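All values reported here derive from a predicted model rather than from experimental measurement.
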Amino acid sequence: MRGYVTLPIVLVLAAVVYIYFTTVFVVIDGWLGLSTASGLANAAALTVLAIMALITYGMAVLKDPGRVPSAFAPGIEDDETAIHEIKRKGGDLRYCQKCSHYKPPRAHHCRICKRCVLRMDHHCVWINNCVGHENYKIFFVFVLYGVSACIHSLVLLVASACYELQKDQQQNGESFNKSYILYAALLCPLTVALSILLFWHIYLILHNKTTIEYHEGVRAMLLAEKVGNSYRHPYDIGLFENLVSVLGPNVVCWICPVSKHIGSGLRFRTSFDIPVPRPSA
């Protein structure tokens, strides 16, 4: 069903359009005026953010998150493969009975998409798609632009509301725009929700985890502590390398909706790939 227009997608698009037009033609125009330099600058900046949010959102909806090749089979003797993920019970290599193939590292079966997804993070109803290896960066960049646009709109709303209230007090009138109430009722919780989502995924990227791996890591850490061991996420290869592995080697392109650098999604660098420095004699 990937790419189909669903009710959550319609709601997201409607919210973007409503917030954009209200910010530009009610807040900015009523406070600064669209004929002024400051008004045009704020409207232009918000327009760029809104366009980028819509582009990245559309890409997240339409782009395949990454599917397991039908001929994939883990090579036990492959020296390039650092680790093999195994089942928690039995210790066998992970095999999907529903898709009838082995699962590469970090791949999981999505019961909604009805197939295995490479480096699956979660299934998102708001894009009617899984967030996985191929579209994770695009999803993250969409959230980043969405938060930026919301914060920009919220700052303009607060400044405009203060101006309107001060003007009403001076005029002893009640001309405060009632549409601000509905606008704020949508914008404020949306900004908070998207900001929490953004910081959550920043945390995941810095530790090179997915949402699924985070919850699996919590269980693994508790089990390790019971037997006196310590647990370390195997794909955590260092702060900068974690960023590069998700966002790409070119820092300038980290906020661009491109993901051609990410590789096949069948193998990922691990902490076992990093040589341990030998102590000097």
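Closest of all the heavy-atom pairs between I127 and V131 is CD1-CG2, 3.9 Å. Closest approach of V117 to C130, counting heavy atoms only: CG2-SG, 3.9 Å. The minimum heavy-atom distance linking R115 with P65 is given by the pair NH2-CD, 3.4 Å. Nearest heavy-atom pair, C110 versus H123, reported as atom, atom and distance to 0.1 Å: SG-ND1, 3.6 Å. Nearest heavy-atom pair, A184 versus L157, reported as atom, atom and distance to 0.1 Å: CB-CD2, 3.7 Å. Among all heavy-atom pairs drawn from A43 and L34, the shortest one is CB-CD2, 4.0 Å.
Here the CD1 atom belonging to I51 is positioned 11.5 Å from the OG1 atom belonging to T56, to the nearest 0.5 angstrom. Once rounded to the nearest 0.5 Å, the distance linking CD1 of I205 with OG of S245 reads 8.5 Å. Here the CG-CG distance, from L7 to N128, works out to 11.0 Å after rounding to the nearest 0.5 Å.
In this structure H215 satisfies the ring-ring contact (aromatic ring centres under 6.0 Å, His included) test with no other residue, sequence neighbours excluded. Take S264 and apply the side-chain contact (heavy atoms from CB on, under 4.5 Å) test, not counting sequence neighbours, and it matches L266. Here W200 pairs with Y203, Y214 under the ring-ring contact (aromatic ring centres under 6.0 Å, His included) rule; sequence neighbours left out. Scored by the ring-ring contact (aromatic ring centres under 6.0 Å, His included) test, Y231 finds no partners at all (sequence neighbours excluded). Under the ring-ring contact (aromatic ring centres under 6.0 Å, His included) criterion, F199 pairs with no residue, sequence neighbours left out.
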For residues 101-108, which side-chain donor-acceptor pairs fall under 3.5 Å, sequence neighbours excluded?
from : atom 1 : to   : atom 2 : distance (Å)
R106 : NE     : E213 : OE2    : 2.7
R106 : NH2    : N208 : O      : 2.9
R106 : NH2    : E213 : OE1    : 2.9

Please tabulate, for side-chain N and O atoms in residues 143-150, each donor-acceptor pair with protein atoms closer than 3.5 Å (sequence neighbours left out).
from : atom 1 : to   : atom 2 : distance (Å)
Y145 : OH     : I255 : O      : 3.0
S148 : OG     : L144 : O      : 2.9

**Study point:** Criterion side chain to side chain contact (heavy atoms under 4.5 Å, CB included) on T210 and M120, from CA distance to verdict
**Key:** CA-CA 7 Å; T210 65; M120 180 178 173; over 6 Å; no

Practice item. Start with the C-alpha gap between N135 and F142, add the side-chain angles, then the distance that decides, and say whether side chain to side chain contact (heavy atoms under 4.5 Å, CB included) holds. Key: CA-CA 10 Å; N135 66 348; F142 156 67; over 6 Å; no

Point to revise | side chain to side chain contact (heavy atoms under 4.5 Å, CB included) between V61 and I9, worked out | key: CA-CA 9 Å; V61 170; I9 292 178; 3.9 Å; yes

Practice item. With side chain to side chain contact (heavy atoms under 4.5 Å, CB included) as the test, would you mind laying out the steps for Y18 and L182 before giving the verdict? Key: CA-CA 11 Å; Y18 174 74; L182 176 61; 3.6 Å; yes

Check your understanding: Do Y180 and S160 pass the side chain to side chain donor-acceptor pair (under 3.5 Å) test, and can you show the C-alpha distance, the side-chain angles, and the key distance before you say yes or no?
Key -> CA-CA 10 Å; Y180 279 28; S160 176; 2.7 Å; yes

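Annotation: side chain of V16 is not in contact with side chain of L13 (no heavy-atom distance under 4.5 Å). Inter-residue side-chain proximity for I138 and Y57 is flagged as unmet; no heavy-atom pair is nearer than 4.5 Å. Using a 4.5 Å cut-off on side-chain heavy atoms (C-beta onward), P234 and F268 make no contact.
Formation of a donor-acceptor pair under 3.5 Å by the H133 side chain with backbone atoms of G265 is found in this model. In this structure a side-chain-to-backbone donor-acceptor pair under 3.5 Å is present from K137 to L247. Checked by atom type and distance alone, the side chain of N129 pairs as donor or acceptor with a backbone atom of K63 at under 3.5 Å. Of the possible donor and acceptor atoms, none in the side chain of K98 sits under 3.5 Å from a partner among the backbone N and O of C116. No donor-acceptor pair closer than 3.5 Å links the side chain of H207 to the backbone N or O of I202. W254 places a side-chain N or O within 3.5 Å of a backbone atom of G248 that can act as its donor or acceptor partner.
L40 belongs to no multi-residue hydrophobic cluster, having no ILVMFWY side-chain contact under 4.5 Å with any other such residue. Alongside V252, the hydrophobic cluster contains no other residue (criterion: ILVMFWY side chains under 4.5 Å). Other members of the cluster containing V158 do not exist, because no ILVMFWY side chain is joined to it at under 4.5 Å.
Applying the side-chain hydrogen bond (donor to acceptor under 3.5 Å, both in side chains) test to every pair with at least one member in residues 21-32, sequence neighbours left out, gives these pairs: T23-S153, T23-Y183. Applying the side-chain hydrogen bond (donor to acceptor under 3.5 Å, both in side chains) rule to pairs touching residues 42-52 yields Y20-T47, N42-H152, sequence neighbours excluded.
L186 and I196 are members of different hydrophobic clusters when ILVMFWY side chains are connected at heavy-atom separations under 4.5 Å. By the rule that hydrophobic residues join a cluster once side-chain heavy atoms approach within less than 4.5 Å of another member, L54 and V17 end up as members of one cluster. Under a hydrophobic-cluster definition in which Ile, Leu, Val, Met, Phe, Trp and Tyr are linked whenever side-chain heavy atoms come within less than 4.5 Å, directly or via other members, L197 and V192 are assigned to different clusters. With hydrophobic clusters built from ILVMFWY side chains whose heavy atoms lie under 4.5 angstrom apart, I112 does not share a cluster with F139. M221 and Y235 fall into different hydrophobic clusters, where Ile, Leu, Val, Met, Phe, Trp and Tyr residues are linked whenever their side-chain heavy atoms come under 4.5 Å apart, directly or through other members.
Using a 30° and 60° split on the angle between ring planes, H201 and H122 fall in the tilted class, from 30° to 60°.
One side chain, T211 or D121, offers a donor N or O that lies under 3.5 Å from an acceptor on the other. Side-chain contact of D236 with N242: a donor-acceptor pair under 3.5 Å is present, judged by distance alone.
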